[in-house]
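Below you'll find the structure, written out as structure tokens, and then a few comments.
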Protein chains: 2
Amino acid sequence: MTKPTSTEPRRALTLRDVSEASGVSEMTVSRVLRNRGDVSAATRERVLQASRALGYVPNKIAGALASQRVNLVGVIIPSMSNMVFPEVMTGISSVLDSTGLQPVVGVTNYLPDREEAVLYEMLSWRPSGVIIAGLEHTAAARAMMGQAGIPIVEIMDIDGQVIDSAVGISHRRAGRQMAEAIIASGYRRIAFMGTQMPNDFRAKKRLDGFEEALRRNGMALVDREFYDGGSALLKGREMTAAVLRRSPDIDFLYYSNDMIGAGGLLYCLDQGIDVPGKVGLAGFNGVELLDGLPRRLATMDACRLEIGQRAAQIIASRNQTTDLGAQVIELFPILQPGDTIRQF
Amino acid sequence: MTKPTSTEPRRALTLRDVSEASGVSEMTVSRVLRNRGDVSAATRERVLQASRALGYVPNKIAGALASQRVNLVGVIIPSMSNMVFPEVMTGISSVLDSTGLQPVVGVTNYLPDREEAVLYEMLSWRPSGVIIAGLEHTAAARAMMGQAGIPIVEIMDIDGQVIDSAVGISHRRAGRQMAEAIIASGYRRIAFMGTQMPNDFRAKKRLDGFEEALRRNGMALVDREFYDGGSALLKGREMTAAVLRRSPDIDFLYYSNDMIGAGGLLYCLDQGIDVPGKVGLAGFNGVELLDGLPRRLATMDACRLEIGQRAAQIIASRNQTTDLGAQVIELFPILQPGDTIRQF
DNA sequence: TCAGGCTCCGTTAGCGGTAACATAGCGCAA
DNA sequence: TTGCGCTATGTTACCGCTAACGGAGCCTGA
């Protein structure tokens, strides 16, 4: 099985092989394969035939070096496994697909040093642009992005200093809005549950905004609980159980994301708790999963699809004559009350 | 905002800039930055300082062309948003991280033509290896992989013809096993629910194996239902409702994946159906999500983490002296009965 | 004292394409 | 017939880096 088959070439194919097989110069082959410049129909056909027959695959490394152009866009995100970034990617791809640009993903696991390393690696391939989640980066990462000479779009968040362009929502405001809606519905004894991660700056900003709004209304969080790793749904159950045991008079549970919120909702329903009468719940993100729950969790959609699309549009335009220039785009999430907040 | 800042260089930095700034040859700078060859500690320090001060980022395109080596491994998967591939990626990364190799992901959305295009694009960057989901590919894709002269590992499935190496489970056998367990538990009127996708070959193989085992026991599926797009959890609810309405005497619901199975489970519990007494349920994949459900759904874990790890090990070893050679590794999924199959 | 073997660093020649320019061949109007 | 302009193709010079080799300077032991 390890022996090369008879069809396996001893040496990788190059333009020269195709040019010899079709009797034209390498340059002409190059023109045919890139659809660039004038080539007669007859020659084109001959070249394509030879290329296909040989199974030639162009070497983009050489091509990129010679042309100083790379059709890659680096996308740097904290995680792939939480339902939020796959949708951002969908948005990015939907726009990039029609431009010849191609996304390349790097994952940081919410670690700033890892983000820096991933960024360095990406920039070393000289991409046409970078889309990166968040506004918080190491000093070195900021410097690299500033120097890179390519469009940089920071996504998801706009509460902070932008390097070049940004597309996102204000998480602080989102937290405030949710708090105000909860208070307006008459809830008074509110608990918070979220991730332990010190580097999830957006979750932190939401909580900041949330608490600020509580304070303005003369209130404060009655209880809070953090988790770290494991199945979010299960953690949501466990934290909710712990909080309700510890503080039985709680009347609202605010979750930093929908997954743990869903776990909490399932727990409350299991326990026969009156939702939203006795206890209200809310999460954040507006993930599709919620549609299948027994009751629709209150949440705020984070505009993930549109964020991806807008970011990709900015990158794409900068590689064209229709350059949109650097810009900061704020999107506005919509509160979806679902069935877990009292309505009047 | 579109004006270049003062720190932005007019021209991209090259090794020459660093070499001039540190007073040594480009070759020496190259050696320092790659940690290769002998350089005195003093010189090394000087070069690193200059490099950092300038904010130099090496050009891997030029490096790869000159050295004929690329530290990239292409990973081609059908989807990123279904909980199964993120875990495979985790396995791949965990192994590759210590090797200097780096995964680059491409997504096909279960479309063979798209897979071919993604593969072509990847091979044009001359990666050190390719990990690709499934054994079914277009003729052109198979030819490309055969010619590429790099290690190719097909993952997830081993029921079919392997190009080079493979790591996976037998989905046909998995389907059979589940059917046998269900029958052994005394269920007799079984329905199936799954995706409509004609190109999800692994789901199809599971169903084939499942039906084959039923036939051998003189049985056949009583009902079946397929879905397409949308929230899997919600579709699971809807399909389950439809099936139970249409065939009220059903006593077992077999789902092609855990997500729709979870939706079905939630529906049954909502309806007050006795699970697993009156109706049993089972899914496939062993996703973490299930831990947070009110009841643990019966499932089979697909060895996703280990598949990723083993595949990465094969690629890594082929780039070393410890070459493992081409191989086909079969993994064996374990049936997790959970709480939705009657136990005796 | 000097051959031999280090350590450290420089020089040369590509890697496989593409931009930019050069040129051959042709049709056609004057 | 000449010359202009066009189309179709070839030639040349890199792109930024690294493999391979070369060689200067120094240390060592006989």
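This one's a predicted model, so the numbers in the text were calculated from it and none came from an experiment. Every chain is numbered from 1, with letters handed out A, B, ... down the list of sequences.
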- Task: Determine the sole option in A/L33, A/N59, A/T28 for which the side-chain contact (heavy atoms from CB on, under 4.5 Å) test with A/L15 is passed.
- Result: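 Single pass found, and it is A/L33.
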[X] [atom1] - [N] [atom2] separation (whole Å):
{"X": "B/D17", "N": "D/dC17", "atom1": "CG", "atom2": "C1'", "answer": "13 Å"}
{"X": "B/R16", "N": "D/dT18", "atom1": "CZ", "atom2": "C1'", "answer": "15 Å"}
{"X": "A/W125", "N": "D/dC17", "atom1": "CH2", "atom2": "C1'", "answer": "12 Å"}
{"X": "B/N59", "N": "C/dC15", "atom1": "CG", "atom2": "P", "answer": "18 Å"}
{"X": "A/R69", "N": "D/dG16", "atom1": "CZ", "atom2": "P", "answer": "14 Å"}
{"X": "A/R36", "N": "C/dA19", "atom1": "CZ", "atom2": "P", "answer": "7 Å"}

- Message: With a cut-off of less than 4.0 Å, is there a side-chain N or O of A/R34 near OP1 or OP2 of C/dA19?
- Response: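 So the side-chain polar atoms of A/R34 do come within 4.0 Å of the phosphate oxygens OP1 or OP2 of C/dA19, strictly under.
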- OP1 or OP2 of C/dG17 under 4.0 Å from side-chain N/O of A/Y56: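 Looking at the OP1 and OP2 atoms of C/dG17, one of them is under 4.0 Å from a side-chain N or O of A/Y56.
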Please check: side-chain N/O of [X] versus main-chain N/O of [Y], any donor-acceptor pairing under 3.5 Å?
{"X": "A/S128", "Y": "A/V73", "result": "no"}
{"X": "B/D17", "Y": "B/T14", "result": "yes"}
{"X": "B/S51", "Y": "B/V47", "result": "no"}
{"X": "B/E154", "Y": "B/I163", "result": "yes"}
{"X": "A/N109", "Y": "A/L111", "result": "no"}

- Item | Letter per nucleotide, 5' to 3', of nucleotides 9-15 of chain D [B base touched, S only sugar-phosphate touched, - untouched; heavy atoms, 4.0 Å] | BBB---B
